[in-house]
Student: 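The structure follows.
Residue numbers begin at 1 in each chain, while the letters A, B, ... track the order of the sequences.
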There are 2 protein chains.
Amino acid sequence: MADQTPSGENLLFLTDEQLRKGIEAMFFAYRGFTADPDRILEGMDYGRAHHRAVHFIHRSPGTTVSNLLTILGVTKQSLNRVLRTLIEEGLVEARVGRRDKRERHLHLTAKGQELERMLSDAQRARMRAAYRAAGPQAVAGFRQVLEAMMDPELRRQYQGLKESGA
Amino acid sequence: MADQTPSGENLLFLTDEQLRKGIEAMFFAYRGFTADPDRILEGMDYGRAHHRAVHFIHRSPGTTVSNLLTILGVTKQSLNRVLRTLIEEGLVEARVGRRDKRERHLHLTAKGQELERMLSDAQRARMRAAYRAAGPQAVAGFRQVLEAMMDPELRRQYQGLKESGA
DNA sequence: AAGTTACGTCAGCCTTGTTGACTTTCCAAG
DNA sequence: CTTGGAAAGTCAACAAGGCTGACGTAACTT
């Protein structure tokens, strides 16, 4: 219960300096994280917002617009602009719901899947390299800390995506 | 050298599914990461870009404009817009260089430090909670993976920031 | 004296986010 | 069967924060 080493554990990893380094690590790593897809997208008519939509439609085929809205955390006007171009250009198909005809169920077309694969190949290549360099133990820690950083609401969204994997 | 379990190690953490979960974890965690400062900033005249500038000026007092440019990875026009308002509103002071009078050395004023503290307190509180929940082992892994994800150029920038820690 | 560097600035554009207002469609409950 | 509200789409306007290109000035370097 003492102020120092409260549970006999070394708490040096909770110093402000360590926390600041963690913050900066997130900042720089996120830049790397988005760099490859951004590079691929530039020149095409699409951007990061399209990538996100395509990713989650791939991830949960048949998802509805409002589902996607919740996951992406943007307004429907914002999402709609993105979705409209994806549909117009034949990357995404919006099927009217069978049960509830107000809903649109979103699917990637062959062309959409092709783009998704290009983007996620690039992004996974970087993740794979990082994972491999750091090792399984580090990867487990990485995932734990990231999960703990999420808002509870988002954490549930995240965990709800199929194949939660331990 | 076989295709399966190449080094006798368990490589299940490198499956596409695991990599995708990692990608999604980054996405959702980054939202949490920026949420608190964003909340504080909204309503003020500032945004995320101002936060970043203030953070790195605090971190490296006396840094020059072009230094900051490199770290933030934006154009000088973009940074200038942000820096101008920070200087006008008395959060940042730009001192003409003693040795090289072309350079401007950036410092936070008392008012600037006050904002920096508000923002970083909020952001560190979340990091601290996440670190505490995950434990020191996990934190080490977290940092390792993030470093491995950075572009080499950015990794050097990151490591160059004082108090590298381990 | 000439060239280069650091910084600032004007103008204009793009992407991606926001509000607010309104319509259409459709399910479900009274 | 009507009606209330949810789901989706759309128009308009705006803001933040990126970008490019073109210039200007002061100061350092060769």
Student: Among D/dG18, C/dC7, D/dA8, which is the nearest nucleotide to the side chain of B/V74?
Tutor: D/dG18
Student: Does A/R102 make a side-chain donor-acceptor contact with the base of C/dT25, cut-off 3.5 Å?
Tutor: no
Student: Is the A/F27 to B/F56 ring centre distance short of 6.0 Å?
Tutor: yes
Student: With no angle test and no hydrogens, is the base of D/dG21 tied to the side chain of B/Q77 by a donor-acceptor pair under 3.5 Å?
Tutor: yes
Student: Reckon B/H50 touches a base, only the sugar-phosphate, or nothing at all at heavy-atom distances under 4.0 Å?
Tutor: sugar-phosphate
Student: Quick check for you: among C/dT16, D/dA7, D/dG17, whose closest atom lies nearest to any side-chain atom of B/R48?
Tutor: D/dG17
Student: Atom NZ of A/K76 and atom C1' of C/dT16: how far apart are they, to the nearest Å?
Tutor: 18 Å
Student: Excluding sequence neighbours, so at least two apart, what forms salt bridge (Lys or Arg N to Asp or Glu O under 4.0 Å) with A/E24?
Tutor: B/R59
Student: Of A/G73 and B/L83, whose nearest nucleotide on DNA chain C comes first from the 5' end?
Tutor: B/L83
Student: Both A/R81 and A/A94 contact DNA chain D. Which one's nearest nucleotide lies toward the 5' end?
Tutor: A/A94
Student: Would you mind telling me which residue lines up with the more 5' stretch of DNA chain C, A/D45 or B/E103, judged by nearest nucleotide?
Tutor: B/E103
Student: For A/T75, answer base if it contacts any base atom (sugar-phosphate contacts may also be present), sugar-phosphate if it contacts only those atoms, and nothing otherwise; contact means non-hydrogen atoms under 4.0 Å.
Tutor: base
Student: Yes or no on salt bridge (charged side-chain N to carboxylate O under 4.0 Å, His left out) for B/R31 and A/D151, after CA distance, side-chain angles and deciding distance?
Tutor: CA-CA 8 Å; B/R31 292 253 295 273; A/D151 276 341; over 6 Å; no
Student: Closest approach to the side chain of A/R104, judged atom by atom: which nucleotide of D/dG18, D/dG9, C/dG17 is it?
Tutor: D/dG9
Student: Whole Å only: how far is the CG atom of B/L69 from the P atom of C/dA6?
Tutor: 11 Å
